[in-house]
Amino acid sequence: MLTACVAGLIAAAIGGVSLARAGGTNHGRTIRVTEVDNGGKFINITHTANGGPGDEFIFSANLRHAGHKVGTLDAMCTLMLHNKLQCQGTFKLLGGTITGTALLPANEPNGSTDHIAITGGTGTFHGASGEVVSTSINNNVSRDVIHLD
């Protein structure tokens, strides 16, 4: 269950930075990063062996480009009915944050691609909208592309 939660939401991240800004003059910009998990915690509130609806997974990841750390991701996924995860995360990058949310399958194989709605931002990314397209490489790494409208 823990691996499924990690793979599910980590897909909600970002992959290489072609530094972008959201808001006014940044429509159509793209940010690419590689997301590398650096820790997480499964919260089993249902007290079931494999987890159940309402259980949560909270994790953090470093965002990297060309071997350099360019930001972080902090996120939380809640296990829903029908083997789905409702995930929300905040990407902290130079200049501000970008928030995202997605309903994802709980058990996805490596190589799966997810689409995450960008719901807002702060600082340079104030008023951000668009989509994150995230492809899992393994249980700990995703390559993500943030498309800012």
Side-chain angles (χ1 to χ4, degrees), residues 1-23 26-45 50-52 54-80 83-149:
M1 180 63 185
L2 180 63
T3 301
C5 287
V6 173
L9 177 45
I10 297 300
I14 310 180
V17 171
S18 45
L19 214 25
R21 288 167 237 172
N26 296 291
H27 297 296
R29 298 277 183 134
T30 301
I31 299 172
R32 300 175 190 276
V33 296
T34 299
E35 174 190 334
V36 181
D37 291 338
N38 64 12
K41 174 87 173 145
F42 181 70
I43 299 137
N44 188 340
I45 62 172
N50 295 320
D55 290 346
E56 296 179 333
F57 183 73
I58 299 169
F59 73 92
S60 62
N62 289 322
L63 304 176
R64 304 187 71 78
H65 176 67
H68 301 285
K69 182 177 173 184
V70 295
T72 59
L73 167 65
D74 290 288
M76 177 178 68
C77 290
T78 302
L79 187 59
M80 307 299 283
N83 208 28
K84 301 279 186 184
L85 293 169
Q86 177 66 50
C87 301
Q88 286 127 27
T90 302
F91 304 97
K92 184 176 181 192
L93 299 164
L94 182 63
T97 63
I98 297 172
T99 58
T101 188
L103 183 64
L104 306 168
N107 296 308
E108 288 188 301
N110 290 333
S112 297
T113 298
D114 292 306
H115 298 264
I116 299 101
I118 294 174
T119 57
T122 65
T124 302
F125 304 103
H126 176 75
S129 65
E131 178 181 60
V132 177
V133 178
S134 179
T135 303
S136 66
I137 305 305
N138 60 43
N139 288 338
N140 297 317
V141 178
S142 293
R143 290 212 175 93
D144 306 322
V145 180
I146 301 173
H147 299 282
L148 298 167
D149 292 338

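Numbers here are sequence positions counted from 1.
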Open item on the list: Could you walk me through whether Ser134 and Asp114 satisfy the side chain to side chain donor-acceptor pair (under 3.5 Å) test, starting with their C-alpha distance in whole Å, then the side-chain angles of each, then the deciding distance to 0.1 Å, before giving a yes or no?
Closed with: CA-CA 5 Å; Ser134 179; Asp114 292 306; 5.8 Å; no
Task: Interatomic spacing from CD in Glu56 to CZ in Phe42 - rounded to 0.5 Å - done: 9.5 Å
Task: Leu63 vs Thr34 side-chain heavy atoms within contact, under 4.5 Å - done: no
Open item on the list: Are the side chains of Asn110 and Asn139 in contact, using a 4.5 Å heavy-atom criterion?
Closed with: yes
TODO: Check whether any side-chain heavy atom of Phe125 lies under 4.5 Å from a side-chain heavy atom of Ile31, and answer yes or no.
DONE: yes
Task: Nearest-0.5 Å distance, SG of residue Cys87 to CZ of residue Phe57 - done: 10.0 Å
Task: Euclidean distance, Arg143 CZ relative to Thr113 OG1, rounded to 0.5 Å - done: 12.0 Å
Open item on the list: Please find the pair of heavy atoms, one from Asp74 and one from Ser60, that lie closest to each other, and give the distance.
Closed with: OD1-CB, 3.3 Å
Task: Separation of Leu104 CG from His115 NE2 (nearest 0.5 Å) - done: 10.5 Å
Task: Nearest heavy-atom neighbours spanning Leu148 and Ala128 - done: CD2-CB, 4.2 Å
- [ ] Please report the closest heavy-atom contact between Asp55 and Gly51, naming both atoms and the distance.
- [x] OD2-CA, 3.0 Å
Open item on the list: Give me the atom names and distance for the closest heavy-atom approach of Leu79 to Ala106.
Closed with: CD1-CB, 4.1 Å
- [ ] Carefully, step by step, assess Ser112 and Ser136 under the rule side chain to side chain donor-acceptor pair (under 3.5 Å).
- [x] CA-CA 6 Å; Ser112 297; Ser136 66; 5.0 Å; no
TODO: Answer yes or no: is there a donor N or O on one side and an acceptor on the other, between the side chain of Asp37 and the main chain of Ala61, under 3.5 Å?
DONE: no
Task: For the student: nearest non-hydrogen atoms of Ile118 and Glu131, plus distance - done: CD1-N, 3.5 Å
Open item on the list: If the condition is side chain to side chain contact (heavy atoms under 4.5 Å, CB included), which residues does Gln86 pass it with, not counting sequence neighbours?
Closed with: Met80, Gln88, Thr101, Leu103
Per-pair distances, 0.1 Å, donor-acceptor, side chain in residues 90-98, under 3.5 Å, sequence neighbours excluded:
residue: Thr97; atom: OG1; partner: Thr122; partner atom: OG1; Å: 2.7

